[in-house]
Amino acid sequence: MTFLLATLALAGPQLTRLPNGIPVIVQTTHDKLVAVEVLVRTDDLSPIEAGAVETLAGALLGETENYSLNELKRLAWAVGGSISTESAGDCLRLSITTSPDRLNPTAALISDALRKPAFAPESLVRARLVSRDHQEWLDRTPPLRGILSGLAKRGLAPVPVTTLTREQALALHAMVFRPERVAIAIVGDISAEAASKALGASLGLWRAQEAPRLPVLRPDPPRKAESFQSAFATVAGPT
């Protein structure tokens with residue numbers, strides 16, 4: 001998060017703040033598309049909390065308090081472009097590429113994803129599958145597996161937690177997703193004034209509630225490690 005904001009700062013963007021203090025950094029360019037990066041700080045979480053947030057990222061774009069899954073899909077279609085969420089080390093990232101005239105539905109989508117995910121059972125099931133597939137891919141990739149193993153021994157790597165209950169997801173969300181932990185960067189054919197106005201209508205009055213006590217998070221059971229030769233054969237295929 002710090003690197004991205006510092007890079008944008010060097011390019012001479014404009015910094016504004018929403019009424020609740022969320023910083024919005026806007027770099028106006030001649031590109032007709034608009035790239036929006038919403039960053040939620042996670043660098044102060046414990047390894048097991050960070051592992052649970054990796055699963056949480058996959059459930060943010062499911063059903064919300066305001067939209068059913070189908071309604072949210074229609075809103076995403078109105079936004080156009082690309083939409084993705086991922087856990088990226090020191091932050092959780094929500095990335096959207098859209099056009100300047102679609103910034104209002106984009107802001108509505110961001111607002112619901114950040115503030116009001118319902119964590120319906122199907123959203124959590126989908127998030128678990130995505131997280132497990134990613135973990136299995138890491139396990140089959142020797143260099144990455146070795147790096148993560150070394151970081152884990154030092155307590156620096158997320159501990160996989162895919163079996164999140166709805167109660168755990170809601171409590172973790174309330175703890176992590178708070179205005180003071182959010183920053184937004186926008187690059188494209190949009191002014192700082194227009195960006196601030198669109199985001200302010202949806203996010204500017206967001207006030208975080210007191211977070212409930214986080215239920216105990218349990219890591220996934222340890223996986224049986226593959227040998228280097230077996231993992232390499234899986235990745236490289238037959239010779």
Side-chain angles (χ1 to χ4, degrees), residues 1 4-5 8 13-20 22-42 53-88 91-120 122-127 129-131 169 173 176-179 181-206:
M1 181 188 298
L4 174 62
L5 297 182
L8 286 173
Q14 297 184 58
L15 170 64
T16 64
R17 290 186 182 272
L18 302 185
N20 56 2
I22 294 177
V24 180
I25 299 178
V26 180
Q27 175 63 57
T28 303
T29 69
H30 296 300
D31 191 330
K32 296 305 179 183
L33 293 177
V34 175
V36 182
E37 292 274 317
V38 181
L39 308 173
V40 183
R41 179 186 176 191
T42 60
V53 165
E54 287 190 346
T55 299
L56 205 66
L60 285 180
L61 297 177
E63 183 178 345
T64 70
E65 290 183 15
N66 290 331
Y67 299 97
S68 68
L69 184 57
N70 284 336
E71 289 170 337
L72 200 69
K73 286 180 178 178
R74 284 196 290 271
L75 180 60
W77 292 334
V79 168
S82 64
I83 303 171
S84 64
T85 58
E86 65 173 340
S87 179
C91 66
L92 184 145
R93 178 186 296 136
L94 169 59
S95 304
I96 298 178
T97 302
T98 186
S99 56
D101 60 319
R102 295 179 177 180
L103 200 57
N104 285 331
T106 298
L109 180 65
I110 291 171
S111 178
D112 259 54
L114 292 184
R115 300 170 59 191
K116 301 178 179 180
F119 297 122
E122 57 268 27
S123 298
L124 289 174
V125 168
R126 184 170 61 253
L129 292 175
V130 170
S131 184
H173 178 271
V176 176
F177 286 73
R178 309 177 70 81
R181 301 175 70 91
V182 172
I184 301 174
I186 302 178
V187 177
D189 188 17
I190 193 79
S191 68
E193 181 181 3
S196 182
K197 181 178 179 181
L199 293 170
S202 297
L203 287 169
L205 299 180
W206 177 19

Can you tell if the side chain of [X] reaches within under 4.5 Å of the side chain of [Y], non-hydrogen atoms only?
{"X": "S196", "Y": "V24", "result": "no"}
{"X": "L18", "Y": "W206", "result": "no"}
{"X": "P23", "Y": "L15", "result": "yes"}
{"X": "I184", "Y": "I22", "result": "yes"}

Does [X] reach the main-chain N or O of [Y] with its side chain, forming a donor-acceptor pair under 3.5 Å?
{"X": "T28", "Y": "I190", "value": "yes"}
{"X": "R181", "Y": "V176", "value": "yes"}
{"X": "H173", "Y": "L114", "value": "yes"}
{"X": "S87", "Y": "V53", "value": "no"}
{"X": "S95", "Y": "S84", "value": "no"}

Nearest atoms (heavy-atom pairs only) where [X] meets [Y]:
{"X": "S123", "Y": "A59", "answer": "O-CB, 3.8 Å"}
{"X": "L199", "Y": "A107", "answer": "CD2-CB, 4.0 Å"}
{"X": "T106", "Y": "R102", "answer": "OG1-O, 2.7 Å"}
{"X": "S99", "Y": "D101", "answer": "OG-OD1, 2.6 Å"}
{"X": "A113", "Y": "L61", "answer": "CB-CD2, 4.0 Å"}
{"X": "S111", "Y": "S202", "answer": "OG-O, 3.1 Å"}

Return the [atom1] to [atom2] distance between [X] and [Y], rounded to the nearest 0.5 Å.
{"X": "F119", "Y": "E65", "atom1": "CZ", "atom2": "CD", "answer": "10.5 Å"}
{"X": "L205", "Y": "R115", "atom1": "CG", "atom2": "CZ", "answer": "7.5 Å"}
{"X": "L33", "Y": "T98", "atom1": "CG", "atom2": "OG1", "answer": "8.0 Å"}
{"X": "N20", "Y": "R178", "atom1": "CG", "atom2": "CZ", "answer": "12.0 Å"}
{"X": "L75", "Y": "L109", "atom1": "CG", "atom2": "CG", "answer": "5.0 Å"}
{"X": "I96", "Y": "T85", "atom1": "CD1", "atom2": "OG1", "answer": "10.0 Å"}

### Message
Checking side-chain polar atoms at under 3.5 Å, does T64 have a donor or acceptor matched by the opposite partner on N66?
### Response
no
### Message
Is it the case that atom CD in E122 sees more than 12 heavy atoms from other parts of the structure closer than 6.0 Å?
### Response
yes
### Query
Considering the options V40, L92, L94, which one meets the side chain to side chain contact (heavy atoms under 4.5 Å, CB included) requirement together with L60?
L92
